[in-house]
Amino acid sequence: MKEKLKGNGKKGTFYITTPIYYTNDNLHIGHTYTTVAADAIARFRRLQGRDTFFLTGTDEHGQKVQRRAEASGKDPKAYVDAIVERIKALWAKMGISYDHFIRTTDPGHEWVVQQIFEKIQAKGDIYKAEYEGWYCTGCEAFFTETQYKDLGGRCPDHDAPLERLREESYFFRLGKYADRLLKHIETHPEFIQPVSRRNEIVSFIKQGLEDLCVSRTTFSWGIPIASDPRHVIYVWFDALSNYITAIGYLTDEEKFRHYWPADVHLIGKEITRFHCIIWPIILMALDLPLPRRVFGHGWLQLESGKMSKSRGNVIDPLVLIDKYGVDAVRYYLLREIPFGADGFYTEDALILRTNVDLANDLGNLLSRTTAMINQAFGGRIPEPGPAEAIDRELPELAKSVLGEVETAIDNLEISGALTALWKLIDRSNKYIDETSPWALARDEKTRGRAGTVLYNLAETLRILGVALTPFLLEAPREIWKQLGLDADVTKAAWDEAKAWGKLPPGAPVRRGLPLFPRIETKDATANEAGKETAPTAPTAPPLISIDDFRKLDLRVARVLAAERVAGADKLLRLEVQVGREKRQIVAGIAKHYEPEALIGQDIVVVANLRPAKIRGLESNGMLLAASTEDGSQLGVVTPERPVPPGSRVK
RNA sequence: GGCGGCGUAGCUCAGUUGGUCAGAGCAUGCGGUUCAUACCCGCAGUGUCGGUGGUUCGAAUCCACCCGCCGCUACCA
């Protein structure tokens with residue numbers, strides 16, 4: 001059974017899915033949470049060399065989408081196309097490494113869904129009958145019996161009495177398979193996780209399964225039943241089938257057999273029932289094997305309650321990435337909440353995790369290691385000498401930690417995997433304290449020891465670089481770069497993390513900017529307060545005092561990225577590093593500088609200038625440039641010699 | 001109403017089959033260090049383990065009841 005959990009048996013494949021997201025609105029942090037988790041697991045399996053297939057996508061049919069589209073005066077397809085574009089852009093920014101993005105409007109998917117429907121109908125498990133229920137003509141929708149009672153028989157939206165109505169519909173014989181499903185759940189304890197979800201499902205099935213209405217005639221935005229096109233195939237068959245249509249069911253049998261059954265369907269707990277009852281029964285009706293695991297994770301909630309658009313408390317992941325960087329957001333999502341449990345999102349917690357784990361522990365470890373190698377060994381990775389007892393602890397811990405990571409991921413405990421890796425980081429920081437390599441390096445007699453210690457630290461960082469690739473996107477590359485490794489860390493194999501001593505001595509460390517700058521919350525609030533009270537700048541009088549000058553906070557900044565501002569011929573948007581802080585500034589120098597020419601340059605900026613919006617972009621500061629009166633010549637001010645970004649100009 | 005779960009240090013939570021289980025991380029205080037991103041290392045706490053009864057030589061851990069919170073109780077994806 002343990003083997004099963006790790007992957008698809010001897011085929012060595014690994015197939016993981018997210019839910020397909022409903023395209024009636026933009027995505028928020030909750031969807032991002034699921035997808036990032038799936039991405040981390042997929043990346044980890046690839047790192048281990050598994051033949052991995054990671055599927056995500058969108059569920060695009062249904063009445064809600066049709067209504068939304070009509071409301072915005074668009075064709076449904078055009079409406080969902082626009083949303084899909086935004087979703088794909090979000091995934092690109094989050095670094096989601098999906099192998100396929102399925103849309104339920106893909107013609108291939110639609111055809112297979114029709115085939116599935118007919119197959120099951122031919123088998124007798126789908127039959128035509130009358131659906132009778134409480135109907136609101138205004139909504140063009142049925143209400144359930146419980147809803148009817150709760151609402152007192154009136155539609156809340158239209159304040160009209162609900163009518164008893166019959167409609168011709170197709171039904172799916174769920175009940176027929178209830179016993180089989182129950183038996184499967186009992187004999188496969190890993191099938192539904194966590195256990196609290198399984199209990200709910202079991203008790204639900206034991207109450208008895210009614211046949212399920214699987215078609216609609218009240219709207220048209222869906223896949224028609226081929227033999228009876230007045231009816232549209234309702235969401236269960238349409239959406240759930242994506243997990244098999246995406247990998248070639250009925251169209252590419254070889255690929256389908258290769259990846260099916262899925263190793264994990266990762267879902268939010270609110271859709272557990274569909275995935276643990278309806279979906280398995282569809283598969284049974286098709287005589288297909290069931291997925292190995294359905295994992296219903298908890299919700300990422302806000303302290304103020306559940307996220308909803310009407311409350312205006314939706315967290316836009318794009319905003320967070322811009323503010324804190326993709327690694328900080330990914331790390332927070334993966335680390336903060338034990339998978340399975342519900343958790344609360346707070347920006348303070350995100351900042352705390354970033355500062356404590358990423359900046360203080362990991363970033364600073366790299367920083368102090370490379371700094372010491374620079375100072376004591378001329379910036380070359382030293383040759384390790386004989387290992388003493390304490391030196392062996394690090395490789396031993398690395399080995400056991402990597403084992404813990406494997407186990408944690410097998411159990412979908414992503415947070416646990418990160419906790420394990422941080423034990424190695426903590427131990428490394430302590431190792432520095434215990435051995436004091438900076439002191440060892442001063443004395444010629446102990447210099448060799450310093451080399452051994454620093455090599456071990458650098459080697460540990462090399463391993464961490466590999467082991468972190470499933471979780472973080474930018475930091476692993478930067479770690480390897482700073483260690484003088486030219487190879488692409490994302491191409492490294494898990495075995496390279498397990499092998500101690502692969503870091504070549506003599507490689508030139510390339511100390512860079514802090515891996516994760518601390519997020520200074522006090523400064524942030526001070527700036528916030530300053531925004532309201534900041535006086536307008538005086539219009540330059542002929543003579544000023546030194547105190548006046550000191551009001552200017554001029555700083556050296558390094559240009560990290562530069563690009564033209566669309567629709568503006570004079571403007572460049574720059575991302576600059578000022579000390580520990582990253583900022584965006586907009587500068588009117590596009591006529592004189594190509595963006596590429598500025599990347600990596602050190603410039604001087606006014607750091608305490610009130611933020612301004614230029615062409616809709618926030619500009620946090622201003623770069624200094626000298627120019628002629630008519631603007632025909634212009635030169636950006638740069639320090640004559642290298643000084644660290646953030647240095648004060650005075 | 002029925003079924004299931006939760007309530008442990010300021011905060012977030014671990015606590016296997018009852019006997020060093022009263023813990024970890026963060027936050028706080030003190031000390032050390034200076035290679036490093038005011039960082040790192042060490043030490044120190046505080047807790048009626050929701051309440052009340054019970055079983056037991058012994059319960060956070062089992063039972064009963066009570067209080068508070070949450071999930072599920074089907075055709076909304």
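On a predicted model such as this, the values are computed, not experimentally measured, just so you know. Proteins come first, then strands; the chains are lettered A, B, ... in the order of their sequence lines, and each starts at number 1.
- In this model, a donor atom of one side chain and an acceptor atom of the other lie less than 3.5 Å apart for A/Glu347 and A/Tyr324.
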Exercise. May I have the step-by-step check of salt bridge (charged side-chain N to carboxylate O under 4.0 Å, His left out) for A/Asp211 and A/Lys176, ending in yes or no?
Key: CA-CA 9 Å; A/Asp211 289 351; A/Lys176 178 179 164 187; over 6 Å; no
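- Looking at heavy-atom distances under 4.0 Å, A/Asn24 makes no contact with the nucleic acid at all.
- Atom CZ of A/Arg368 is separated from atom P of B/rC41 by 7 Å (rounded to the nearest Å).
- When the P atom of B/rC40 is taken as reference, atom CZ of A/Arg518 falls 7 Å away, rounded to whole Å.
- Under the Watson-Crick or G-U wobble criterion, with both distances below 3.5 Å, B/rA22 has no partner in any strand shown.
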Self-check item: Criterion salt bridge (charged side-chain N to carboxylate O under 4.0 Å, His left out) on A/Arg173 and A/Glu210, from CA distance to verdict
Solution: CA-CA 8 Å; A/Arg173 295 188 200 280; A/Glu210 294 169 19; over 6 Å; no
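- Counted by atom type alone, A/His31 and A/Tyr22 present zero donor-acceptor pairs between their side chains at under 3.5 Å.
- Taking atom P on both nucleotides, B/rC62 is separated from B/rG19 by 11 Å, rounded to a whole Å.
- Spacing between atom CD of A/Glu200 and atom C1' of B/rC70 amounts to 11 Å, rounded to whole angstrom units.
- When heavy atoms are screened at a 4.0 angstrom cut-off, A/Leu515 is found touching base atoms of the nucleic acid.
- Pairing for B/rC35 is absent, with no Watson-Crick or G-U wobble pair whose two atom distances lie under 3.5 Å.
- If you take CG of A/Leu352 and C1' of B/rU28, they are 14 Å apart, rounded to a whole angstrom.
- The separation between A/Arg353 atom CZ and B/rA27 atom C1' is 13 Å, rounded to whole Å.
- At a cut-off of 3.5 Å, with distance as the only test, a side-chain donor of A/His231 or A/Glu168 sits close to an acceptor on the other residue.
- Among the protein residues, A/Ala371 comes within range of the sugar-phosphate backbone only, with heavy atoms under 4.0 Å from sugar or phosphate atoms but none that close to a base.
- Among the atoms of the strands shown, only primed sugar atoms or phosphate atoms (P, OP1, OP2) are found under 4.0 Å from some heavy atom of A/Arg442.
- For A/Lys269 and B/rC70, the NZ to C1' distance is 8 Å, given to the nearest whole Å.
- Heavy-atom distances to RNA chain B give each of A/Asp433 and A/Ser367 a nearest nucleotide, and the one nearer the 5′ end belongs to A/Ser367.
- Within the shown strands, nothing qualifies as a pairing partner of B/rA9 under the Watson-Crick or G-U definition with both distances less than 3.5 Å.
- Annotation: B/rU46 and B/rU37 have their C1' atoms spaced 32 Å apart (nearest Å).
- A/Leu212 comes within 4.0 angstrom of a nucleotide base, judged by non-hydrogen atoms across all strands.
- Nucleotide B/rU17 is matched to nothing when pairs are restricted to Watson-Crick or G-U wobble geometry with both distances under 3.5 angstrom.
- Pair check for B/rC62 finds B/rG54; Watson-Crick or G-U wobble, both atom distances under 3.5 Å.
- Between A/Phe237 and A/Phe117, the ring planes lie perpendicular to each other; the angle is over 60°, past the 30° to 60° tilted range.
- Here, B/rG1 and B/rU8 have their C1' atoms 31 Å apart, quoted to the whole Å.
- Residue-level contact check: A/Gly62 touches neither bases nor backbone, having no heavy atom under 4.0 Å from any strand.
- B/rC66 and B/rG23: their C1' atoms are spaced 29 Å apart (whole Å).
- Spacing between atom CG of A/Leu240 and atom P of B/rC76 amounts to 14 Å, rounded to whole angstrom units.
- Nucleotides B/rA22 and B/rU61 place their P atoms 14 Å apart, quoted to the nearest Å.
- In this structure, the side chain of A/Asp125 does not engage the main chain of A/Gln121 through any donor-acceptor pair within 3.5 Å.
- Looking at heavy-atom distances under 4.0 Å, A/Gly208 makes contact with a base.
- Distance check on atom P: B/rA60 versus B/rG18 gives 13 Å, rounded to whole Å.
- For A/Glu434 against B/rC41, a side-chain-to-base donor-acceptor contact under 3.5 Å is absent.
- Across the interface with RNA chain B, nearest-nucleotide mapping of A/Ala359 and A/Glu270 shows A/Ala359 to be the residue nearer the 5′ end.
- Here A/Asp357 lies out of heavy-atom contact (under 4.0 Å) with every strand.
- Between the CG atom of A/Asn355 and the P atom of B/rC40 there is a distance of 10 Å, rounded to whole Å.
- In this entry B/rG4 has B/rC70 as its Watson-Crick or G-U wobble partner, both defining distances falling under 3.5 Å.
- In this structure, A/Tyr33 has its ring center closer than 6.0 angstrom to the ring center of A/His297.
- Taking the C1' atoms as reference points, B/rC13 lies 23 Å from B/rU17, given to the whole Å.
- Within 4.0 Å (heavy atoms only), A/Gln207 reaches sugar-phosphate atoms of the nucleic acid but no base atom.
- Counting non-hydrogen atoms under 4.0 angstrom, A/Tyr21 reaches nothing in the nucleic acid.
- Judged by Watson-Crick or G-U wobble contacts below 3.5 Å, the nucleotide B/rA44 has B/rU28 as its partner.
- Among B/rC41, B/rC75, B/rA74, the nucleotide with an atom closest to any side-chain atom of A/Trp236 is B/rC75.
- Nucleic acid contact for A/Ser196: none, since no nucleic acid atom lies under 4.0 Å from a heavy atom of the residue.
- For B/rC3, the OP1/OP2 oxygens have no side-chain nitrogen or oxygen of A/Lys206 closer than 4.0 Å.
- Between A/Asn360 and the phosphate of B/rC40, there is a side-chain N or O to OP1/OP2 separation shorter than 4.0 Å.
- A/Arg198 comes within 4.0 angstrom of no nucleic acid atom, judged by non-hydrogen atoms across all strands.
- OP1 or OP2 of B/rU37 lies within a sub-4.0 Å distance of a side-chain N or O belonging to A/Arg511.
- When heavy atoms are screened at a 4.0 angstrom cut-off, A/Ile201 is found touching no nucleic acid atom at all.
- Ring orientation note: the planes of A/His275 and A/Tyr243 are tilted relative to one another, at an angle of 30° to 60°.
- B/rA38 and B/rG32 have their C1' atoms separated by 16 Å, with the value rounded to a whole Å.
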